[in-house]
There are 2 protein chains.
Amino acid sequence: MPERPACILLKGPLMARKPSAETATAWTQLLRVQQQVFGRVEQDVKKAGFPPLSWHDVLVELAHAPHGAVRPVELEKRLAMPQYGLSRLIDRLVEAGLAERRQCPVDRRGLYVAITDAGRELQKKMALAYAGAVERHVGSKLSDIEAVRLSHLLGRLN
Amino acid sequence: MPERPACILLKGPLMARKPSAETATAWTQLLRVQQQVFGRVEQDVKKAGFPPLSWHDVLVELAHAPHGAVRPVELEKRLAMPQYGLSRLIDRLVEAGLAERRQCPVDRRGLYVAITDAGRELQKKMALAYAGAVERHVGSKLSDIEAVRLSHLLGRLN
DNA sequence: CACATCATCATGCAACTGCATCAATCTTGA
DNA sequence: TCAAGATTGATGCAGTTGCATGATGATGTG
């Protein structure tokens with residue numbers, strides 16, 4: 001079977017096939033619900049006196065890593081975060097005394113970001129507030145079966 | 001801003017029940033997948049030379065409203081956008097000649113935001129690029145049945 | 001080796017966001 | 001009617017993000 005012939009219709013912006021109504025609804029729901037639920041969870045955590053959730057994401061990665069240290073490059077991949085965003089997030093963590101930068105012995109371009117004791121402590125406290133908020137805004141609204149189905153459907157988008 | 005109901009169980013950080021593993025997975029998937037998919041769609045639209053998707057959201061609301069004009073208060077509700085965010089988004093739309101502010105005859109605090117011809121034109125073109133990107137990044141990855149199930153599960157979180 | 005290319009991380013700048021607050025107007029209730 | 005309070009919208013400020021680019025060190029190739 002020959003390749004689909006190069007189609008002039010696909011060249012310009014007009015080539016786009018339209019999504020079905022079902023797809024459109026799923027798209028808008030995805031945006032809206034994620035925004036709402038994320039907002040509620042982060043608000044709860046902030047109102048408990050904690051920094052943004054992204055701080056926690058990094059601290060968890062560090063806390064669970066051997067020696068409490070990870071290369072930024074590795075964090076970028078694990079957290080799907082842009083390089084400049086991570087660089088500045090590390091700035092803030094360092095500024096707050098929660099992490100420190102160390103020279104990487106094997107690659108002198110590179111770094112290790114290491115969690116401090118204060119970082120570990122904050123991470124543990126924050127995890128409680130975070131978990132509570134997720135339970136309140138997600139766990140209590142879905143059965144485990146539904147949660148699995150949701151994860152699975154979301155996974156198909158990746 | 002509505003007060004959160006006082007709940008003694010929510011007072012300390014320690015009271016928080018932890019979410020199940022299923023819930024936790026659903027939460028992380030929700031964040032990750034939404035971020036990824038939204039990023040891809042918005043990138044596609046931007047690379048086609050269009051402004052952010054939020055512009056489109058407002059333009060669509062305006063375009064479909066009677067007389068092409070809506071009160072900001074109404075937009076806030078429909079788009080679930082914070083008041084100051086919308087106020088500034090309107091600034092940008094006006095600045096770009098896509099909308100204009102008009103005095104509201106029935107409430108002198110209020111406004112009407114009205115779409116311009118240029119706004120209608122952009123909205124139409126943008127809708128094509130937007131629809132194409134959604135079809136590419138969402139529609140093509142889910143059957144309609146799955147999309148309905150996804151919408152339904154997401155709806156339970158709201 | 002010498003050079004071009006790539007990988008890693010930082011940063012200047014403009015745009016955007018969140019928060020608090022202000023100004024103007026409307027609504028309510030004694 | 002009038003004062004207290006609520007609603008509507010804008011804005012100053014600090015913090016954050018996106019984009020492009022720079023600086024430095026690694027890697028690969030002739």
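Chain identifiers are assigned alphabetically (A, B, ...) following the order of the sequence lines, protein sequences preceding nucleic acid strands; residue numbering begins at 1 within each chain.
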Hey, does the side chain of [X] come within less than 4.0 Å of [N]'s phosphate (OP1/OP2), counting only N and O?
X	N	result
A:Arg109	C:dA10	no
A:Arg88	C:dC9	no
B:Gln43	D:dC19	yes
B:Arg92	C:dA14	no

Could you check how far [atom1] of [X] sits from [atom2] of [N], rounded to whole Å?
X	N	atom1	atom2	answer
B:Leu89	D:dG9	CG	C1'	14 Å
B:Glu42	C:dA15	CD	C1'	13 Å
B:Leu111	C:dC26	CG	C1'	15 Å
A:Gln83	D:dT17	CD	C1'	13 Å
B:Lys77	D:dG9	NZ	P	9 Å
B:Leu75	D:dG9	CG	P	9 Å
B:Arg108	C:dA23	CZ	P	19 Å

Of all the nucleotides listed (C:dC19, C:dT25, C:dG18), which has the minimum atom distance to the side chain of B:Pro82? C:dG18
Tell me which nucleotide among D:dA26, C:dC19, D:dT8 gets nearest to the side chain of A:Asp107. D:dA26
Contact check, side chains of A:Arg149 and B:Arg149, non-hydrogen atoms, under 4.5 Å: no
Pair B:Arg102 + B:Glu100, salt bridge at N-O below 4.0 Å: yes
Assess whether a salt bridge exists between B:Glu135 and A:Lys18, defined as any Lys/Arg side-chain N lying under 4.0 Å from an Asp/Glu carboxylate O. no
With a sphere of 6.0 Å drawn around CG of B:Asp117, does it hold more than 12 non-hydrogen atoms of other residues, nucleotides or ligands? no
Does B:Gly85 reach a base, just sugar-phosphate, or nothing at all? Heavy atoms under 4.0 Å. nothing
